[in-house]
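Atoms within each ligand, like the ligands themselves, are counted from 1 in listed order. For the single chain, residues carry numbers from 1 onward in sequence order.
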Amino acid sequence: MTVLDAKIEITGTDPETGYSSFRLGSFEFRRDEYFAHVTWPKGSHIMEIDRFLRAMVRDIGWGFFYGWIFFDDVFGTTNHYGTVDIFAGAYDRGCKEAGIDFLETFSAEAVSEAFTTISQDWISEGYDPLNAPLETGTPIGKKGEERKEPLLRAFIAADRMLGLEGDKPVRREEDGFPINRAFADLDYDKPDIECEPGFEGQLHAINLFDHIARSNVTWNPSISAVTGGNICCVTSEEHMLPVIHGNDRNEWFIQLSDEIHWNIADKNTGAPRGRIVMKAGDVCAMPADIRHQGFAPKRAMLMVMENGTPGLEKRYASGELPPYPVDFG
Ligand code: PHB
Ligand code: FE
């Protein structure tokens, strides 16, 4: 694998719209009022700007996640944990047959810097791609005022129980985290904590529904509990997962409220493999050889369990581990 030693360059600024265009390696990126345009030596691609930006800020914030992040069927990134591929058509049967597929590998820092630079230039005040579409403005149109709030909200890992002295705070009304409109009908009892003398300050409990109901972002697991390689993320989901995730390992979903519809396809070709409708209480494992995208018609609470054990992706890729976690046979 050749890793290109390239950095993001600005190639120009459109006087009409105010947006800059960029080059990273052989990829060129520009936007107009409605669309993002990506070109590479053998081809070009066009995407709705909202979709492109919602995918791009998550890809950066998640550190390129596990495996493949498809912005749509054609364009995306693959995480090799240190290096990152940017690909166009490399996992799309039609593009491959037409011979226009392309892939280049960069250091993870170069891609992160590039995507951050592009997002900062292309996102204006009043639009937050991490919010649900009904809860933010639009990215359509000419460049506006520069965004003042931070663009990215990365995973934040809790070291101890959320809300325990010295750890991450639970979200509170007075800190600007109201209960989301979609969860106004839930009960939010606080747990009783009865602690043996001598263990005060070490034992704690929260109402997790209360915490998730106050999340102001969607499809962005924000505070996560980590125990060794086990990563437990909770998130509130509304509208569609703005990326199609191609797994390089199993991951588990536990549906905590409402419902999410998942489209599941072959990772390499995109050929459909299944559809799942998960309702509150349902549990499912996404296999290591698929890509998936979720759709939440109403805001829903989801728990995602990831196995962050380093090197796991190689054990699945080599076939040493089967692509599914449990054999019921
Ligand atoms: C996933 O790709 O599995 C995923 C990503 C973000 C979410 C939920 C699921 O909020
Ligand atoms: Fe996933």
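Around the Fe ion (ligand 2), protein N, O or S atoms at less than 2.8 Å number 3.
If you chain together hydrophobic residues whose side chains sit under 4.5 Å apart, M161 and Y188 fall into the same group.
Remark: K7 NZ is loosely packed, at most 12 non-hydrogen atoms of other residues, nucleotides or ligands lying under 6.0 Å away. In this structure, E174 places its CD atom where more than 12 heavy-atom neighbours from other residues, nucleotides or ligands lie under 6.0 Å away. D5 CG: 12 or fewer foreign heavy atoms inside a 6.0 Å radius. No more than 12 heavy atoms of other residues, nucleotides or ligands sit less than 6.0 Å from atom NZ of K279. Heavy atoms from other residues, nucleotides or ligands lying under 6.0 Å from CZ of R275 number more than 12.
When I140, L53, I49 are each tested for a side chain to side chain contact (heavy atoms under 4.5 Å, CB included) with Y127, only one passes: L53.
The contact shell of ligand 1, taken as protein residues with any non-hydrogen atom closer than 4.0 angstrom, comprises W62, F65, W219, N220, P221, T235, E237, L241, H245, E251, F253, H292, L302, V304.
For the residue pair E251/H245, the side-chain donor-acceptor check at 3.5 Å is satisfied.
Among all heavy-atom pairs drawn from T309 and R249, the shortest one is O-NH1, 3.5 Å.
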